[in-house]
Chemist: 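The structure is given below, and queries will be raised subsequently.
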Amino acid sequence: MKLNSPKKPIWTLFFICFLMCVALIMLGAFSYLLKGWLIWDFDKPFPFGKAEIVTILKISLLGIPMGLVFWIFDIR
């Protein structure tokens, strides 16, 4: 197996993009839960809802171009 092979498998691209999306979902969920916990007034419901989940999913789509850049420049 050559280390600097010009032929890269396409499944590696999908795998890297998927892992970057999952990592961004986990990071976004943790940050929104931490923010909600820090500003939470105990007399009101917990401030985490559908709007935050949609925002986290939108941010997680940045994993696709990040994975593409990592794949092109062979960062693993």
Side-chain angles (χ1 to χ4, degrees):
M1 182 175 150
K2 294 182 180 180
L3 292 177
N4 294 326
S5 176
K7 188 175 181 182
K8 300 176 194 174
I10 195 75
W11 63 269
T12 306
L13 171 65
F14 295 129
F15 188 66
I16 291 173
C17 290
F18 173 74
L19 287 181
M20 291 306 298
C21 289
V22 169
L24 287 173
I25 288 173
M26 292 172 55
L27 185 68
F30 175 74
S31 64
Y32 267 103
L33 286 173
L34 181 65
K35 182 193 87 157
W37 178 70
L38 289 174
I39 66 169
W40 186 22
D41 184 12
F42 290 108
D43 297 332
K44 297 178 183 175
F46 192 71
F48 188 84
K50 293 178 185 177
E52 285 80 12
I53 292 172
V54 170
T55 304
I56 290 170
L57 291 177
K58 285 180 184 178
I59 291 171
S60 74
L61 290 177
L62 289 173
I64 296 170
M66 287 172 54
L68 183 64
V69 168
F70 287 171
W71 183 72
I72 289 173
F73 292 110
D74 207 20
I75 300 171
R76 293 188 187 134

Chemist: Members other than Ile39 in its cluster, when Ile, Leu, Val, Met, Phe, Trp, Tyr link by side-chain heavy atoms under 4.5 Å?
Modeler: none
Chemist: Could you see if Phe70 belongs to whatever hydrophobic cluster contains Phe73? Use Ile, Leu, Val, Met, Phe, Trp, Tyr and a side-chain cutoff under 4.5 Å.
Modeler: yes
Chemist: Name the atoms and distances for all side-chain donor-acceptor pairs under 3.5 Å in residues 16-31, with sequence neighbours left out.
Modeler:
unit_1	atom_1	unit_2	atom_2	d
Ser31	OG	Leu27	O	3.3
Ser31	OG	Gly28	O	2.9

Chemist: Could you tabulate the donor-acceptor pairs under 3.5 Å formed by side-chain atoms of residues 40-66, not counting sequence neighbours?
Modeler:
unit_1	atom_1	unit_2	atom_2	d
Trp40	NE1	Lys44	O	2.9
Glu52	OE1	Gly49	N	2.8
Thr55	OG1	Ala51	O	2.8
Ser60	OG	Leu57	O	2.7

Chemist: Hey, quick one: are Ile72 and Phe14 part of the same hydrophobic cluster, counting side-chain heavy atoms closer than 4.5 Å, chains of contacts allowed?
Modeler: yes
